[in-house]
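To start, the structure under review is shown below, and the notes come after it.
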Amino acid sequence: MEYQSTRSNYTLDSKSAVLAGIAPDGGLFVHPDIGSLGFDASLAVTLPTLKIMEYVISTLLPDFKDIPSLVSQAFEGKFETPDLTPLVKAGDNYVLELFRGPTSAFKDVALSLLPVLIRHAGAKDTVTVLTATSGDTGKAALEGFHDVPGTRIVVFYPHGGVSEIQKAQMVTQQGSNVHVCAVRGNFDNCQTGVKKAFADLASRGLSSANSINIGRLVPQIVYYFSAYRDLIARGVITFGDKVDFVVPTGNFGDILAGYYALLLGLPVGRLVCASNENKILDDFLKTGVYDKRRPFFRTDSPSMDILVSSNLERLLFLAGGKTTVKVRQWMESLGRDGIFRVDDETLRAISDVFVSGHATREMTAEAIRMAWEKAGYLCDPHTAVAWHVAQQYKTESKTGNPVVILSTASPYKFPQAVLGALGRDTAGVGEFEMMRILNAITGVPVPKNLASLEGRPARFDTVIDIGEITPYVESVLNG
Ligand SMILES: *Cc1c(COP(=O)(O)O)cnc(C)c1O
């Protein structure tokens with residue numbers, strides 16, 4: 001099957017697209033006609049989750065062999081429940097819990113599969129995966145790639161820029177092919193340094209675990225089907241009824257997977273894009289103007305603190321008439337002037353499906369408190385942004401469709417923000433102690449993978465300057 005770049009007629013088969021990650025022209029790999037692949041959505045919603053996974057992968061990444069075996073290697077026994085992503089009822093909302101994987105982050109769904117795909121994509125030499133992380137991606141990638149034959153992984157995180165728990169998750173990582181390194185600077189500096197390393201060391205077999213990789217997007221489509229299946233099982237809907245999904249959004253990967261589910265035939269009503277104070281996507285979806293010339297806010301939902309949402313480019317291609325010329329112009333304009341505006345036709349096509357909202361820091365804290373007090377549901381701050389936007393959406397839209405909120409992290413990864421929202425003073429309290437306090441007041445169990453980090457010895461303590469990233473990667477490559 002041919003994947004093409006969003007910016008030119010460059011094409012690759014699905015295996016090579018997974019290995020390459022990004023096209024040489026800077027575009028992302030897309031299949032131009034997902035609706036024509038013969039996928040039967042009414043069949044998919046009768047299957048167990050791992051069978052849906054096999055069906056979606058064999059449809060979208062058909063060049064891989066032995067897909068059932070790949071799926072079992074990736075997921076068997078790694079998640080808290082065999083259906084990976086349980087749907088729970090909380091008040092009058094349904095919450096799709098995506099954080100029941102090995103690192104308590106929704107990134108686990110995709111990063112459990114990607115290493116297996118890379119290993120079986122047929123690279124001749126060892127593939128070295130470089131990742132800059134603001135916290136969650138790094139650990140999920142380490143957990144996915146550790147001890148996978150034919151791969152190595154190097155993670156860079158900002159020194160002093162991640163939470164105590166996130167740091168403990170990374171520096172205690174086991175495995176003989178993993179490297180973790182702190183960088184003096186912020187996340188953007190790390191990312192710039194890593195991009196430079198890619199350029200400096202091109203042709204040395206480097207790859208990325210970033211969410212632009214089509215191999216990361218594909219497994220995320222599955223939980224839209226499993227949520228729909230679970231709503232049928234609960235007697236809430238029958239096949240054909242529309243369901244709306246509210247998605248806490250950063251790089252636009254999670255919500256784009258919902259659009260792919262729709263293109264594959266799932267009766268999706270609206271996809272509601274929820275932003276924090278960095279509400280560039282909310283503004284774009286309302287006006288058609290994407291303008292990154294604005295202040296950047298550090299919020300309590302750091303995985304959504306993003307001003308350039310890479311995966312939006314795929315939507316621009318698919319909804320914008322599939323013309324690479326337009327996408328290239330928009331992306332050039334963004335790079336040159338920090339802004340682009342889509343034409344009315346494209347905006348209309350996008351607005352048929354996507355709506356949006358945002359939550360400030362105060363609204364997020366209020367949502368954590370309301371969800372707990374009124375619905376008995378403990379949200380992390382990312383999920384709380386979506387919870388707030390869902391309440392607003394339900395009042396305004398009146399579609400009457402069932403609403404599913406995607407929940408992207410365990411509240412125990414962000415105990416300070418959650419305890420603060422519940423009115424507790426956390427000054428001078430360590431994060432592991434905060435986890436115990438949160439557990440004592442709510443009774444919600446602490447995920448084992450997080451509780452067991454306390455007191456575990458660190459394996460990595462290297463701290464480098466930004467300019468030392470390329471030499472560090474070289475030493476790993478030569479080591
Ligand atoms: C990555 C992440 C998001 C954003 O998902 P995108 O696919 O980047 O839009 C939201 N919440 C959490 C906890 C995340 O880790």
Side-chain angles (χ1 to χ4, degrees), residues 28 85 95-112 114 131-141 143-144 157 162-163 165-166 169-170 187 191 208-221 223-224 245-261 271-282 284-285 299-315 354 356 358-359 364 367-368 379-389 405-415 417-418 447 450:
L28 307 193
T85 51
V95 180
L96 177 58
E97 297 191 332
L98 306 180
F99 59 84
R100 299 292 183 185
T103 81
S104 301
F106 105 89
K107 306 283 193 292
D108 286 329
V109 177
L111 284 167
S112 295
L114 184 67
T131 307
T133 184
S134 61
D136 271 9
T137 302
K139 174 60 184 181
E143 192 60 40
Y157 70 93
V162 300
S163 77
I165 289 168
Q166 288 175 318
Q169 282 190 300
M170 290 188 277
F187 170 65
Q191 198 159 36
S208 168
N210 197 274
S211 73
I212 51 179
N213 195 313
I214 188 68
R216 261 190 73 174
L217 191 62
V218 167
Q220 295 181 229
I221 299 166
Y223 43 72
Y224 287 89
F245 293 88
V246 186
V247 189
T249 298
N251 224 2
F252 212 75
D254 205 4
I255 195 167
L256 185 74
Y259 190 63
Y260 273 56
L271 293 167
V272 185
C273 175
S275 301
N276 63 23
E277 276 156 335
N278 297 296
K279 61 183 186 67
I280 189 163
L281 287 167
D282 186 20
F284 170 72
L285 292 169
T299 73
D300 289 329
S301 43
S303 297
M304 296 157 67
D305 291 345
I306 289 180
L307 291 183
V308 179
S309 292
S310 309
N311 272 298
L312 182 65
E313 184 167 339
R314 286 194 167 102
L315 177 64
F354 289 84
S356 65
H358 72 276
T364 306
I368 291 174
C379 289
D380 96 285
H382 302 76
T383 308
V385 168
W387 187 283
H388 172 87
V389 171
I405 295 172
L406 275 62
S407 176
T408 49
S410 162
Y412 286 102
K413 291 193 84 171
F414 304 94
V418 176
L450 298 180

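Just so you know, ligand 1 is whichever comes first in the structure, and atom 1 is the first atom listed for that ligand. Model, not experiment: these values are computed from the prediction.
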- prompt: Closest non-hydrogen protein atom to atom 4 (C) of ligand 1, residue and atom name please, with distance?
  reply: Gly250 N, 3.5 Å
Taking atom 2 (C) of ligand 1 as the reference point, the nearest protein heavy atom with its distance: Lys107 NZ, 2.5 Å
- prompt: If you measure from each non-hydrogen atom of Phe99 to ligand 1, which part falls under 4.0 Å: side chain, backbone, both or neither?
  reply: neither
query: What part of Asp254 sits under 4.0 Å from ligand 1 if we count only heavy atoms: the side chain, the backbone, both or neither?
result: both
Will you find, in the side chains of [X] and [Y], an N or O donor that is under 3.5 Å from an N or O acceptor?
X: Asn278; Y: Asp305; value: yes
X: Thr131; Y: Thr133; value: no
X: Asn251; Y: Ser211; value: yes

Before signing off on this row, confirm whether [X] and ligand 1 have an N or O atom pair separated by under 3.5 Å.
X: Gly253; answer: yes
X: Asn251; answer: yes
X: Phe252; answer: yes
X: Thr408; answer: yes
X: His382; answer: no

Chi angles and distances behind the side-chain hydrogen bond (donor to acceptor under 3.5 Å, both in side chains) call for Asn276, Thr364: CA-CA 8 Å; Asn276 63 23; Thr364 306; over 6 Å; no
field: Any Pro248 heavy atom less than 4.0 Å to ligand 1
entry: yes
field: Student check: side-chain heavy atoms of Thr383 and Phe99 closer than 4.5 Å
entry: no
Contact check, side chains of Asp380 and Ser410, non-hydrogen atoms, under 4.5 Å: no
Of all the atoms in ligand 1, which lie at a distance below 4.0 Å from a heavy atom belonging to [X]?
X: Ala409; result: 13 (C)
X: Phe106; result: 1 (C), 2 (C), 3 (C), 5 (O), 7 (O), 14 (C)
X: Asp136; result: 13 (C), 15 (O)
X: Thr249; result: 9 (O)

- prompt: Run the side-chain hydrogen bond (donor to acceptor under 3.5 Å, both in side chains) check on Asn213 and Arg216 step by step: do they pass?
  reply: CA-CA 5 Å; Asn213 195 313; Arg216 261 190 73 174; over 6 Å; no
task: Using the six-membered ring wherever Trp is involved, compare the ring planes of Tyr259 and Phe354 and label them parallel, tilted or perpendicular (cut-offs 30° and 60°).
output: tilted
message: Which label fits Phe245 and Tyr224: parallel for a plane angle under 30°, tilted from 30 to 60°, or perpendicular past 60°?
response: perpendicular
